[in-house]
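Keep in mind that this is a model prediction, so the values were computed, not measured. Note that these values count all heavy atoms, side chains included, but never hydrogens, waters or copies made by symmetry.
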Amino acid sequence: MTATDPEPAPRRRAAFGFVLVTLLLDTIGFGIIIPIIPGLIAELTGGDVVDAAAWGGWLMFSYAFMQFLCAPVVGNLSDRFGRRPVLLVSLAALGLDYVLMALAPAVGWLFLGRVLAGMAGSSGTTAQAYVADVTPAADRARAFGLVSAAWGFGFVIGPVLGGLLGELGPRVPFWVAAGLAGTNFLYGLFVLPESLPRERRRPFALARANPLGALRRFRHVPTVLPVVAVYFLYMVGHDTNPAIWTYATMDRFAWGPREVGLSLGLVGVVSVIVMAGLVRPLIDRLGEGRTVVFGMSLMAAGFAGFALAGNQWVMLAMIVPYCLGAVASPALRALGANRVGDDEQGALQGVYASTASLSAIVSPPVMTAVFAFFASSDAPVPFPGAPFLLAAVLTALGLGAFRRTVALRTATA
């Protein structure tokens, strides 16, 4: 099967549907643990929510670090052995992760599960390659749009599902997730066809599996270095919210898993509305440069609001400027893309992907450590909103660097 000679339409639709469900489960699996992980960590360590925060940051680090290392390896393995076996092994590993976390008698099991989940979550690159394999060229833009939608819905469904199921116990959501992953694995085992013919496969190459390979292209695209540096500061700030939200709201407002899950579902819904409905009109009206300024200003304001919120209603209200700030991300990507030639676009997107992965590695352990320090009973200055304030400062620094290093007249021309 090739892009020009695809599988018959019914099989192609079935395969594409499977991939969408796989990506949906990946993102649900990431989101489902956010509202419940503090309770499970506290149960296993005998501590409270503040103590659990530091453990939670390193769990998120383990997941992100394994994704960073394994994504190019898994992608190259799929080029060598085909998409189907890689996807099935990833689904099996994902199901095993959920079982391990559901049964965990000690916190070390949670780390083992997160390592497996990070490796399995790296299947996203394979899943997107599968989409390209089974979709005619004329339909690929629409297909990848559906892929993005699956990711977005996963980040809405996961926290809400985890929060609601978490009311029944901190281990219940993992059993449900394991059942979903197992069902999808069985469906793929018996139904999913291979999308990459043997004649189109290529040998595994260690050089292509190097996760820092995209970053080395910096020297070939020096004009985008300031933009990418700003993007990194933006993402380190942005990643504070999924790392800290659960611990901060449980500590400050005595929320349970249900309230945390529903609030994160609200974040997901507002984010989908912003990304689907506001990005293009804003860029058309303001240009990329001013959209970056608009977005980063609002995100810094949202983080400052989270840091200083005196009650839960202010915290919820600050979701709006925080989510509106997300328009800066596609604007920064567009700015970079406009500064390189057509033959550099793939390398540039690799740079952005690696930068986002590095921010996901850096932000959780740093921000949870800051929270644990300032929220502890013996903190010199009790201030559980400190990581949000740090995120606001980093975002503001990124905004200042953008205004100094990127000429708005050129960016918006």
I would like to know whether L389 and F383 meet side-chain contact (heavy atoms from CB on, under 4.5 Å); could you show each step before the answer? CA-CA 10 Å; L389 188 59; F383 183 33; 3.7 Å; yes
For side-chain contact (heavy atoms from CB on, under 4.5 Å), just list the numbers for M101 and I37, CA-CA rounded to whole Å, side-chain angles, deciding distance to a tenth of an Å, and then say yes or no. CA-CA 10 Å; M101 297 188 81; I37 198 66; 4.1 Å; yes
Test log, rule side-chain contact (heavy atoms from CB on, under 4.5 Å), inputs L110 and L40: CA-CA 9 Å; L110 301 184; L40 184 55; 3.8 Å; yes
Give the intermediate values and the outcome of side-chain contact (heavy atoms from CB on, under 4.5 Å) for residues Y247 and V50. CA-CA 7 Å; Y247 303 99; V50 175; over 6 Å; no
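Note that the CG atom of L390 and the CD1 atom of I244 stand 10.0 Å from one another [nearest 0.5 Å]. If you take OG on S297 and CZ on R290, they are separated by 13.0 Å, rounding to the nearest 0.5 Å. Distance check, rounded to the nearest 0.5 Å: CD1 of I157 to CD1 of I28 gives 4.5 Å. Atom-to-atom distance recorded for D97:CG and L100:CG is 7.0 Å, nearest 0.5 angstrom.
Contact annotation: the side chain of F371 approaches that of P384 to within less than 4.5 Å [non-hydrogen atoms, C-beta and beyond]. Within the 4.5 Å cutoff, the side chain of L88 has heavy atoms near those of the F185 side chain. In this structure, the side chains of W175 and L103 come closer than 4.5 Å at one or more pairs of heavy atoms. In this structure, the side chains of L399 and Y234 stay at 4.5 Å or more apart for every pair of heavy atoms. Side-chain contact between F174 and V99 is absent, with no heavy atoms from C-beta onward closer than 4.5 Å. Using a 4.5 Å heavy-atom threshold, the side chains of I361 and M60 count as separate.
A distance-only check finds no donor-acceptor pair linking the side chain of T246 to the backbone of P242 [under 3.5 Å]. Side-chain N or O atoms of S363 include none that pairs as donor or acceptor with a backbone N or O of S359 at under 3.5 Å. Looking only at distances, no side-chain donor or acceptor of S62 sits under 3.5 Å from a matching main-chain atom of V115.
Across every non-hydrogen atom of A178 and G95, the tightest pair is CB-O, 4.1 Å. Across every non-hydrogen atom of A379 and F373, the tightest pair is CB-O, 3.2 Å.
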Using a 3.5 Å cut-off and no angle test, enumerate the donor-acceptor pairs between side-chain atoms of residues 300-327 and protein atoms at least two apart in sequence or in another chain.
| unit_1 | atom_1 | unit_2 | atom_2 | d |
| --- | --- | --- | --- | --- |
| N311 | OD1 | W313 | N | 2.9 |
| N311 | OD1 | V314 | N | 3.0 |
| Q312 | OE1 | W255 | NE1 | 2.7 |
| Y322 | OH | H238 | O | 3.4 |

Cut-off 3.5 Å, no hydrogens considered: what does the side-chain donor-acceptor table look like for residues 260-284, sequence neighbours left out?
| unit_1 | atom_1 | unit_2 | atom_2 | d |
| --- | --- | --- | --- | --- |
| S263 | OG | W245 | NE1 | 2.9 |
| S263 | OG | E259 | O | 3.2 |
| S263 | OG | V260 | O | 2.7 |
| S271 | OG | V267 | O | 2.8 |

Show every donor-acceptor pair shorter than 3.5 Å between a side-chain atom in residues 165-172 and any protein atom, with sequence neighbours excluded, or say none if there are none.
| unit_1 | atom_1 | unit_2 | atom_2 | d |
| --- | --- | --- | --- | --- |
| E167 | OE2 | R258 | N | 3.3 |
| R171 | NE | E43 | OE2 | 3.3 |
| R171 | NH1 | A102 | O | 2.9 |
| R171 | NH1 | A104 | O | 2.8 |
| R171 | NH2 | E43 | OE2 | 2.8 |
| R171 | NH2 | A104 | O | 2.9 |

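With sequence neighbours excluded, the residues satisfying side chain to side chain donor-acceptor pair (under 3.5 Å) with S376 are D378. Under the rule for a side chain to side chain contact (heavy atoms under 4.5 Å, CB included), the partners of T45 that lie at least two apart in sequence or sit in another chain are I41, W55, V107. In this structure F61 satisfies the ring-ring contact (aromatic ring centres under 6.0 Å, His included) test together with W58, F65, sequence neighbours excluded.
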